[in-house]
Novice: 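My questions will all concern the structure given below.
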Amino acid sequence: MTLTTSAPAPPSNPLRRKPLRQALSSPAGFVGFVIAVSMVLLGILAPLIAPSSPEATAFDRIFLPPGEGGLFGTDDLGRDQLSRVLYGINASVTIGLLSVLLSAAIGVPMGLLAGYFRAADAVISRIIEVMMAFPALIVALGLAAILGPSATNVTIALAISNVPGFARIIRGEMFRLRGQDYITASVALGASHTRVIGTHLLPNAMSALLVQVTVTIPNAVLGEAMLSFLGLGIRPPAPSLGTMLSNAQPYLQSAWWMAVIPGLAIMAITLAFNLFGDALRDALDPKSQRR
Amino acid sequence: MMSYLLRRLGHAFITLFVSVVVIFFGVRALPGDTAVALAGQEGSPEAIARVRERYGLDDPLHTQFLTYLGNLLRGDLGRSSNTGGEVTSIIASALPATVQLAVLSMLVAMLVGISCGILAAVKQGKPGEWLANGVALFGLSVPNFWLGLLLILTFAVIWPVLPASGYTPLWEDPVDSMRRMVLPSIVLGTAFAAIIMRQTRAAMLETLTADFVRTARAKGIPAGAVITRHALRNSLITVITVVGLQLGTLISGAVVTEQVFGIPGFGKLTIDAIISRDYAMVQGVVLVTAAGYVLINLATDVVYSLVDPRIRVQEGN
């Protein structure tokens, strides 16, 4: 085992060092990071800072515009929109983060196996291809149909639909790294598969993984909002930004705030993560070749 | 070349077959009696018995699968448990609205996406690039159903110039049909515009530094012509592939867009089937979606490899 330490050191490309710090030093990346963290905090703190219960109805206070009816106004049942938005952010952020972690937990091992063992690649690549033949929403719709709509099922559905992305990124990274000299040297010195993967391949694929996590979160947040909007996600009266929007559609003419504010909240989350993800990607790849 | 095509065809066939298997077992994994599921929750005992016989649900599983495959090959996807109509013909009648919406939104997306992509690549470091990047970031981040609501609010409520919802077939009243498609196409096209913009920008940045572009400039060809006739044409191959690969996203987007604008297309059919637990219909729409995805994917790969020989060589890994 001590022999492996004499293998050539991994290439130290100055541009690949400390991508996180570099991403934060760009204005867009910094702003994105700050907003993303604030939104996550707002979501976590919702139960503490919300002025009232998100489900408390008040029929003498229906359709009050912002100002008169609190910061964000009230809805068709007199519920406080600010509280509902805060709890909605909580749901979006929780489902977004959890589902992405779940996707990574399934997708990363798949990509590792496919990228490292040629024999496994044939099978896993077909599995990935089949998974991709079912568009994200269709998977989610199917699960909602079979298991019934709920927050848990939305999380699972979004997780499944994002697995191929993780598997493909990691597989590609494995292909890229596998051919490099220090890996060949490590193998020649008798390092076991687990050692090569664990100490050389995986740490070097972390940056790509980090970018993938950051850019998948806004997709998952959008997915949750979309499914809830369609009535296949979080069930009313539980607050979700998506259900708030579908609830607002009939009252577009009279109560614009019901439609505008929850959408802005979704956009603040997705925009923030996309800004930060872009900065991170630029930091890792100066040519910034995007999908 | 031939072996590459055959291999791609083989992959497509395997993917399609596995999709069919997944759908077949997916429906049979439903909680409760499959016959009841396929006939609908309110199906009469006779209807349930008919379904049981039709799909051979008392037979062993492998026989059932063969029966299912046989029906499939004859284009028979069963009957909707809600309306009793044939799934195949219901899907066929819902497709024109979706195809019209998809084509129009792709046009919007390519128009906005390609021009913003060129702008961002050519005006690097200038306000033009910021603007184009901003458009792309917006397109990627905005929830499209919310954009739909905002557009309805703006162009149908505050300043009523366009209809808020509904659908008219193109052949009945072309003008009204197109008017109703304006807002939905913008909504569905926005996310694609962003993806196409980023792709165009990346490809353009690459081609703009290529030797042949420098030669063209050195020859004294006007800047505009160098960009459109030389650089853009060579960048479009990549862009077209990306467009092809986005079909899955397009279908998902169509579901929501049709829901917001009340368009009776394939997407709305999917949602309605799922909400009303019309499993025969769900099975049909999912299969059509998967098949569509596999076919488009195959077509894109083949066209791409015809245009760019490097792809065939690289496939070795």
Side-chain angles (χ1 to χ4, degrees), chain A residues 28 118 121 125-127 129-130 132-142 144-147 149 161 175 215 218-219 221-223 225-227 229-232 241-242 245-246 248-249 252-254 256 259-260 262-264 266-275 278 287-291, chain B residues 11-12 14-16 18-19 22-23 26-27 29-31 133 136-138 140-147 149-150 152-153 156-158 164 195 198-199 201-202 205-206 242 247-253 255-256 259-260 270-271 273-275 277 279 282 285-286 289-291 293-294 297 317:
Chain A
R118 265 169 200 277
D121 187 30
S125 286
R126 287 296 81 68
I127 297 177
E129 215 165 288
V130 170
M132 289 180 66
F134 297 93
L137 187 73
I138 302 290
V139 174
L141 290 174
I146 296 169
L147 306 170
S161 68
F175 274 141
V215 298
N219 278 342
V221 168
L222 280 184
M226 189 195 273
L227 285 170
F229 177 81
L230 292 171
L232 297 164
L241 299 172
L245 286 177
S246 68
Q249 197 170 3
L252 267 184
Q253 301 224 8
S254 50
W256 57 266
V260 173
L264 282 176
I266 300 175
M267 223 175 130
I269 304 175
T270 52
L271 199 62
F273 276 100
N274 277 329
L275 269 175
D278 282 354
K287 266 165 59 191
S288 87
Q289 287 179 323
R290 285 158 177 152
R291 274 172 298 175
Chain B
H11 284 172
I14 296 173
T15 309
L16 202 54
V18 175
S19 309
V22 169
I23 294 168
V27 168
L30 290 174
N133 280 341
L137 199 60
F138 172 81
L140 280 184
S141 305
V142 69
N144 57 5
F145 51 95
W146 182 57
L147 182 64
L149 294 183
L150 289 189
I152 293 176
L153 187 62
V157 176
I158 298 173
I195 295 167
R198 293 195 155 182
Q199 207 62 45
R201 190 184 75 131
L205 282 177
E206 202 132 305
V242 176
L247 182 89
T249 332
L250 188 72
I251 293 174
S252 309
V255 173
V256 191
Q259 193 75 13
V260 172
T270 309
I271 285 288
I274 286 171
I275 289 179
R277 301 191 165 243
Y279 288 114
V282 173
V285 288
V286 172
T289 311
Y293 181 83
V294 171
N297 216 336
N317 61 27

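Naming: A, B, ... by sequence-line order, numbering from 1 per chain. The analysis underlying the following values was restricted to heavy atoms, covering all of them including side chains, and did not include hydrogens, waters or symmetry mates.
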Novice: Given a strict heavy-atom distance threshold of 4.5 Å, which part of B:Val294 is in contact with chain A: side chain, backbone, both, or neither?
Specialist: side chain

Novice: Measuring heavy-atom distances to chain A, does B:Ile271 have an atom under 4.5 Å in its side chain, in its backbone, in both, or in neither?
Specialist: side chain

Novice: Got a donor-acceptor contact below 3.5 angstrom from the A:Gln249 side chain to the B:Val260 backbone?
Specialist: yes

Novice: Give, as side chain, backbone, both or neither, the part of B:Thr270 having an atom under 4.5 angstrom from any heavy atom of chain A.
Specialist: side chain

Novice: Among B:Leu147, B:Val255, B:Leu153, who wins on heavy-atom pairs under 4.5 Å with chain A?
Specialist: B:Leu153

Novice: B:Ser141 and A:Met267: which non-hydrogen atoms are nearest, and at how many Å?
Specialist: O-CG, 3.8 Å

Novice: Between B:Val142, B:Val18, B:Asn144, B:Ile14, which has the largest tally of heavy atom pairs under 4.5 Å with chain A?
Specialist: B:Val142

Novice: Which one, A:Val221, A:Leu241, A:Leu264, leads in non-hydrogen pairs under 4.5 Å with chain B?
Specialist: A:Leu264

Novice: Which one, B:Ile152, B:Leu137, B:Val157, leads in non-hydrogen pairs under 4.5 Å with chain A?
Specialist: B:Leu137

Novice: Apply side chain to side chain contact (heavy atoms under 4.5 Å, CB included) to the pair A:Leu230 and B:Gln259, showing each step before the final yes or no.
Specialist: CA-CA 8 Å; A:Leu230 292 171; B:Gln259 193 75 13; 3.6 Å; yes

Novice: If we only count heavy atoms from C-beta on, is the A:Val215 to B:Leu140 side-chain gap below 4.5 Å?
Specialist: no

Novice: Could you measure the distance from the CG atom of B:Leu149 to the CG atom of A:Leu252? Nearest 0.5 Å is fine.
Specialist: 5.5 Å

Novice: One pair to check against side chain to side chain contact (heavy atoms under 4.5 Å, CB included): A:Ile266 and B:Trp146. What are the steps and the verdict?
Specialist: CA-CA 9 Å; A:Ile266 300 175; B:Trp146 182 57; 5.8 Å; no

Novice: Kindly compute the distance separating CG (A:Leu222) from CZ (B:Phe145), expressed to the nearest 0.5 Å.
Specialist: 7.0 Å

Novice: Given that the side chain runs from C-beta out, which part of A:Val260 has a heavy atom under 4.5 Å from chain B: side chain, backbone, both or neither?
Specialist: both

